[in-house]
Each structure stands twice: as C-alpha cells, then as structure tokens.
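This structure is a prediction, so every number in the text was calculated from the model and none was measured. Chain A is the first sequence line, chain B the second, and so forth, proteins listed ahead of strands; every chain is numbered from 1.
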Amino acid sequence: MAGKVVLLDFWPSLFGMRVRIALAEKGIKYESKEEDLSNKSPLLLEMNPIIKQIPVLIHNGKPVCESLIIVQYIDEVWNDKPPLLPSDPYQRAQARFWADFVDKKVYVASRKIWRPKGKEQEAGKKEFLETLKTMEGELGDKPYFGGETFGYVDLSLIPFYSWFYAYKVLDNINIEAECPKIIAWAKRCMQKEAVAKTFHDPKKVLEFVAQTRKKYVSRNH
Amino acid sequence: MGEVKVIGASLSSFCCRIEWALKLKGVEYEYIKEDLRNKSPILLQYNPVHKKIPVLVHNGKPVAESLVILEYIDETWQENPLLPKDPLEKSTARFWARFVDEKCIVSAWDACRAEEHEKERAVESAQESLGMIDKLIEGKKFFGGETIGFLDLVVGSLPNWLKFLEELGGIKLVDAEKFPSFHEWSKKFVEIPIIKEKIPMPDDLINYFTTSGLAKTIRGSALANNK
C-alpha cells in the first residue's frame, strides 16, 4: 500500500481539506501540488478529464477523483491504520448517508449565500442554517458524528468551519448563536492535529472568499 | 438474514436499482408502494430527513439514498457481488455512479425543461454527458464486465427515462448512430429477466405525467400541449 501519493489541491478548497485530513489521520506521506483553477495544469486535465476539478489523488500514477470517493479509497487501501468509516455495514451506511447530506444539502445551501444582498440571499442564509441545525440534531450529545472518535462524517463537515469567520464578517451569519453544538463540536475537532494543520488563517480565508464572491456575483447577477 | 422491506414507487429510476440488487442476491423482501403525492407515515418515519423513496428497511432499521442502499446491500449479502473488490476499480464505479446521477440525469431533465431559445445548448450538454457513458461501455458487454454489476444497476433505467424525456420535451437525446455502445448495452440489459420485470417503461412514464397533470407544469414540455 506504500507507493507514491500525489494530491492535486487548492488551498481554500473544502473538498481538498477533507482529503488532507484523511491523509494526515492515516499518517500518509504525499506530495501536494497546488493548482491554479483559472489556469488548470495539463496534469489535472489528464488525471480528471471528466470533471476537471480538484482534489485528485494520484496513487502510483492512477487517479481517484471526488473527495468522498478519495477518502473511502484511502480508508480501504491504508486499512492497517485506524478506520475512518465504521466496520458495521449499517453504521457505514449511516455515515455515507450523512456525508452525502453534507454534499447535497449543506454545501448546496452554502452556495446560495453567494448571491447579492437581498431576499434571495436571506433565503439562502436561512436554508444554510437549517442544514446545520439538522446536522446538530444528528450529532446529539455525541462528541463526534462517529461517536467516541472522529470519523467520516466529521471529516466531511469540518472543512466548512474554516469558512464560518468569512460568513460572519461578510454575511452577518452568527453560527455560534444559531448552532452552538456545531461550534462546540468544531472546536473539539480542531484539537486534533490532523484537522488543525489543514486550516489556514481565517483572515486569509476571508480575503479569498470576499474576492472570489465579488467575481462570481458580477459574472452571474 | 432478517426481515427486508423496500418502500418505493414503480416508476422511480432509483427504486428499481434496489429491487434489482435484492433480486440478484436472492433476497426476499416486502415491497411497500408509496404514493408520492400523499406521503405515508411510514415513509416520513423511516426517511424524515429527505422524505424520499427508495428506503430499505432491514430488521426495522432504515437506509436511504439509492447509492448508499446499494453499497449496504452489497456488504450485507455477499452472493453475486455488485462492486469490484479492488479499491481503485471500486472508486471508478463510485465516480461514474455519481456522474450518472449528477450529470446525465440532471442534464437530460434540463434539456427537457429548457425554453425554446436554450434548448439546443441544453441538448448538447446532455449529449456530452451521455457520450461519456457511451465511451465507458465501448467494447464491453456490461459495465460490470461479463455480468451486470453496480454501475449497470445505476445506469439501468436511463434508456427508458431518456425516451420519456425526449417525448416530454420534444427533443432528441440518444440514438443508435450517435451512441452505438450505449444502445447495444441497453438492448441487452432490458432483456435480462429480473431487470425486465421491474423497469419503468416510457409509455407508463408518459401516461403518468400526462394523466397526473404534471406534464403541464413542466416548462418547455411538448406533452403539455397535447390533450
């Protein structure tokens, strides 16, 4: 299971972060290649010709695409390290369901905040908070979504925490007030080295989000 | 291996995947038919988050989302495996399953619903995605190899749904000339007995959409103008 591991990535990407956390949790050494998404490299276009997106994991020259698919691949190949997904098929199905919810609902709602200020954006903000409240309900009183240990669902959601400061400053979304359990859970996750070291300075993320959003809004609205 | 129920609807392209998987593995199950216009307390109890079908209930415990259910079935009942064992091949199957759901099906619906001035571009976009599936099956009997597997079940009812969407939207998405490998595969696939007995048929889909009045609600619908 050794062999060369390369990750095509982009530093603020929520999806790239999931893979970085998984690699760190398993103690896997890899080479990281930063992509300029406005000028995609020949390597990225060769390794992910269908979607042309990061993250892409290249293991012994063979690509794996889509963050959750990559994380499951890592878990299956490096199976001598503590597992990211539960071993029981039913628990595993629940973990996959909730990670899918993060993609289909939390992420999609978070993109609706990328609208000019007004009624539509307010509706997007409300929807985003509702998806986080649903996650809070699923978390319950557990320390992690995985139970006693950090796992697949935690990993799929925690990168969003890196954008919360930007949402507070730019959009006045107070997640701490609306979803205190999510914040408590996020701070618990941040105590793990594998998670903390993938996070950048919140001000740097804020600057990136502000700039990118301006460009997106002017292109689309 | 315990009591199995499937909550589903006969015209759903997602539900038939589940029934095919269970039949392939020789698993007996009880089918509970759901009326999506009047969702039952059972559905709301077993899938409170999405309130959608299909839901698999195994020994009273629910699993929702068709791709999640397929993997659960494959891990719980080991005969006739659906997914490859090799992690890289498995990842590839999972990638294409997502592609079918997020690109092929979505872009086909978009083409169906597109306004006149957007239709050509929307059809091109849908055909681009379908072209990738055609390329994927080129030279192969089934997506799973010699026997049907996970990706065959996922692509499954797409040919019939495409025929339906073509009629609904007054568009042409697929034909034997443009996508020969996909066409060959679909002819073989629908003749397999367990597939044939539970596959949404284009005429039934058209019938459902016109009699329920749903056709009229679809912008760009050719069927809406037919009485």
> Does atom NZ of Lys140(B) have more than 12 heavy-atom neighbours, drawn from other residues, nucleotides or ligands, at distances under 6.0 Å?
Replying inline: yes

>> Check this for me: Lys25(B), atom NZ, are more than 12 non-hydrogen atoms of other residues, nucleotides or ligands nearer than 6.0 Å?
In response: yes

> Could you go step by step and tell me if Gln72(A) and Lys90(B) meet the side-chain contact (heavy atoms from CB on, under 4.5 Å) rule?
Replying inline: CA-CA 10 Å; Gln72(A) 289 184 82; Lys90(B) 207 186 287 198; over 6 Å; no

>> Surrounding CD of Glu31(A) (heavy atoms of other residues, nucleotides or ligands, distance under 6.0 Å), is the total greater than 12?
In response: yes

>> For Phe97(A) versus Ala64(B), what's the shortest heavy-atom pair and its separation?
In response: CD1-O, 3.6 Å

> Highest number of heavy-atom pairs under 4.5 Å with chain B: which of Ile70(A), Ile69(A), Ile51(A), Thr134(A)?
Replying inline: Ile69(A)

> From Lys62(A) NZ over to Glu89(B) CD, what is the distance, rounded to the nearest 0.5 angstrom?
Replying inline: 9.5 Å

> When the ring planes of His50(B) and Phe101(A) are compared, do they come out parallel, tilted or perpendicular, using 30° and 60° as the limits?
Replying inline: tilted

>> Under 4.5 Å from any heavy atom of chain B, what part of Glu138(A) do you find: side chain, backbone, both or neither?
In response: neither

> Counting heavy atoms not belonging to Arg111(A), are there more than 12 under 6.0 Å from its CZ?
Replying inline: yes

> Applying the side-chain contact (heavy atoms from CB on, under 4.5 Å) test to Pro87(B), which of Val64(A), Asp75(A), Val77(A) qualifies?
Replying inline: Val77(A)

>> Looking at Glu120(B), I'd like to know if its CD atom is crowded, meaning that more than 12 non-hydrogen atoms belonging to other residues, nucleotides or ligands lie closer than 6.0 Å.
In response: no

> Of the non-hydrogen atoms in Pro89(A) and Thr76(B), which two are nearest, and what is the gap between them?
Replying inline: CB-OG1, 3.9 Å

>> Is Arg96(A) close to chain B through its backbone or its side chain, or both, or neither, when contacts mean heavy atoms under 4.5 Å?
In response: both

>> Let's test your reading of the structure: which of Glu128(B), Met132(B), Glu71(B), Lys103(B) forms the most heavy-atom pairs below 4.5 Å with chain A?
In response: Glu71(B)

> Is it true that Glu66(A) and Arg94(B) make a salt bridge, defined as a side-chain N closer than 4.0 Å to a carboxylate O?
Replying inline: no

> Heavy-atom count around Lys198(B) NZ within 6.0 Å, excluding the residue itself: above 12?
Replying inline: yes

>> Assess the residue pair Ile50(A) and Phe95(B) against the criterion (side-chain contact (heavy atoms from CB on, under 4.5 Å)); give the C-alpha distance rounded to whole Å, side-chain angles, the decisive distance to 0.1 Å, and a yes or no.
In response: CA-CA 10 Å; Ile50(A) 310 295; Phe95(B) 173 88; 3.9 Å; yes

> Which heavy-atom pair separates Pro62(B) from Gln94(A) by the least distance, and what is that distance?
Replying inline: O-NE2, 3.3 Å

> Should the heavy atoms of other residues, nucleotides or ligands under 6.0 Å from NZ of Lys33(B) be counted, would the total exceed 12?
Replying inline: no

> For Lys125(A), does the NZ atom have more than 12 heavy-atom neighbours from other residues, nucleotides or ligands under 6.0 Å away?
Replying inline: yes

> Looking only at heavy atoms, which two atoms of Val68(B) and Ala93(A) are closest? And how far apart?
Replying inline: CG1-O, 3.3 Å

>> What I want to find out is whether Asp103(A) reaches Arg98(B) closely enough, with some N-O distance under 4.0 Å, to be called a salt bridge.
In response: yes

